[in-house]
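Just so you know, residue 1 is the first one in the sequence shown, and it goes up from there.
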Amino acid sequence: MKLERIKGTRRASICFALIFNVCFDAALVVPVTSDPGSFPWVELGIASALLLWLMRAFFMGILINDRKLRVHGWYHYRDFPLESIERLEIDGYSGGLNGYLQSNIDPFYRFGRMLVLRVNGKEKEFPTALFSRRTADRVQESLLAVAPWIRLTSGEHGSVRGKRAKRRQR
């Protein structure tokens with residue numbers, strides 16, 4: 001059966017890669033325009049690598065079907081049979097963008113969410129699966145729809161299903 005991408009799970013990756021590309025490609029243009037005599041091979045190589053990195057962001061995210069969950073990261077993907085997933089936790093982001101900090105001062109930790117799974121007795125964190133609270137709700141709903149036996153737990157800044165829904169109704 002075909003894997004379906006959970007809506008919104010690649011949005012943050014695309015945004016960060018796009019911002020990074022705009023900033024660094026703009027910084028590369030300045031030296032190229034100042035020296036029109038030589039061909040900018042190094043700058044062209046760096047810009048090409050950055051554009052490939054941006055293209056890679058479009059393939060990231062979380063995909064699911066009735067048999068497995070796939071988490072696409074920057075460099076690889078991981079497949080997990082749904083039967084092996086014991087627990088799902090959506091926790092505050094703690095990864096390379098914020099130096100693996102877990103502090104209330106850090107906006108990535110406070111507002112970003114990442115996927116944490118307990119698979120075959122081992123906890124696995126996926127900081128490449130960075131998303132918003134609303135997308136975290138979608139991930140929880142999608143996973144529980146096909147695997148209702150998975151336990152939901154709340155991290156320090158994570159969320160158990162229903163917590164935010166009450167706030168939204170007010």
Side-chain angles (χ1 to χ4, degrees), residues 1-33 40-82 84-85 88-102 106-119 123-147 150 152 155 157-159 161 164:
M1 181 171 245
K2 186 179 175 188
L3 289 165
E4 301 268 335
R5 184 176 314 278
I6 298 173
K7 183 182 172 189
T9 55
R10 65 181 174 180
R11 189 175 299 144
S13 305
I14 293 170
C15 288
F16 282 115
L18 189 60
I19 290 167
F20 200 83
N21 264 272
V22 167
C23 293
F24 280 94
D25 286 344
L28 290 172
V29 168
V30 174
V32 171
T33 55
W41 289 107
V42 173
E43 289 84 355
L44 184 64
I46 293 170
S48 299
L50 287 171
L51 288 173
L52 288 172
W53 186 57
L54 174 62
M55 288 174 38
R56 176 65 181 138
F58 283 92
F59 295 96
M60 292 180 65
I62 300 173
L63 294 90
I64 193 169
N65 67 13
D66 59 348
R67 293 189 184 155
K68 67 181 173 182
L69 175 78
R70 177 176 287 173
V71 181
H72 266 278
W74 285 110
Y75 307 110
H76 56 80
Y77 67 87
R78 302 277 312 265
D79 284 340
F80 299 101
L82 291 178
S84 67
I85 301 173
L88 165 69
E89 183 176 333
I90 304 293
D91 202 0
Y93 178 79
S94 173
L97 291 173
N98 67 351
Y100 298 92
L101 295 175
Q102 292 186 346
D106 180 33
F108 284 112
Y109 185 69
R110 287 188 67 176
F111 302 111
R113 299 290 173 261
M114 74 175 187
L115 184 68
V116 180
L117 297 174
R118 184 166 187 84
V119 181
E123 193 165 281
K124 301 184 182 294
E125 293 183 347
F126 297 97
T128 55
L130 169 65
F131 35 77
S132 67
R133 291 175 190 229
R134 185 166 290 163
T135 303
D137 280 344
R138 279 191 216 113
V139 170
Q140 288 176 353
E141 290 166 5
S142 299
L143 195 53
L144 289 175
V146 294
I150 294 175
L152 284 179
H157 268 64
S159 59
R161 183 182 159 89
R164 287 181 310 282

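With hydrogens and angles ignored, the 3.5 Å screen pairs a side-chain donor or acceptor of Ser142 with a backbone N or O of Arg138.
For the atom pair Thr128 OG1 and Leu115 CG, the distance stands at 9.0 Å (nearest 0.5 Å). Distance check, rounded to the nearest 0.5 Å: CG of Leu152 to CD1 of Ile90 gives 8.0 Å. Atom CD1 in Ile6 sits 10.0 Å away from atom CD in Glu141 (nearest 0.5 Å). Annotation: the span from His72 atom NE2 to Arg10 atom CZ amounts to 10.5 Å, rounded to 0.5 Å. Note that the CE atom of Met55 and the CD1 atom of Ile14 stand 12.0 Å from one another [nearest 0.5 Å]. The line from CG of Leu130 to SG of Cys15 is 10.0 Å long, rounded to the nearest 0.5 Å.
Counting heavy atoms from C-beta outward, Leu69 and Leu117 have side chains that approach closer than 4.5 Å. Put simply, the side chain of Val116 reaches to within 4.5 Å of the side chain of Glu123, judged on heavy atoms. In this structure, Arg78 and Arg70 have side chains that are not in contact, with every pair of non-hydrogen atoms separated by 4.5 Å or more.
For the pair Arg113 and Phe131, the cation-pi criterion (under 6.0 Å, within 45° of the ring axis) is not fulfilled.
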Residues 46-53 side chain polar contacts: donor-acceptor under 3.5 Å, at least two apart:
from  : atom 1 : to    : atom 2 : distance (Å)
Ser48 : OG     : Leu44 : O      : 2.8

Less than 3.5 Å apart, which donor and acceptor atoms pair up between the side chains of residues 56-68 and the rest of the protein, not counting sequence neighbours?
from  : atom 1 : to    : atom 2 : distance (Å)
Arg56 : NE     : Trp74 : O      : 3.0
Arg56 : NH2    : Gly73 : O      : 3.0
Asn65 : OD1    : Arg67 : N      : 2.8
Asn65 : OD1    : Lys68 : N      : 2.8
Asn65 : ND2    : Met1  : O      : 2.9
Lys68 : NZ     : Asp79 : OD2    : 3.4

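Centroid-to-centroid, the aromatic rings of Phe20 and Phe16 stay 6.0 Å apart or farther.
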**side-chain contact (heavy atoms from CB on, under 4.5 Å) between Val71 and Tyr77, intermediate numbers included** = CA-CA 6 Å; Val71 181; Tyr77 67 87; over 6 Å; no
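Surrounding NZ of Lys7 are at most 12 heavy atoms belonging to other residues, nucleotides or ligands under 6.0 Å away.
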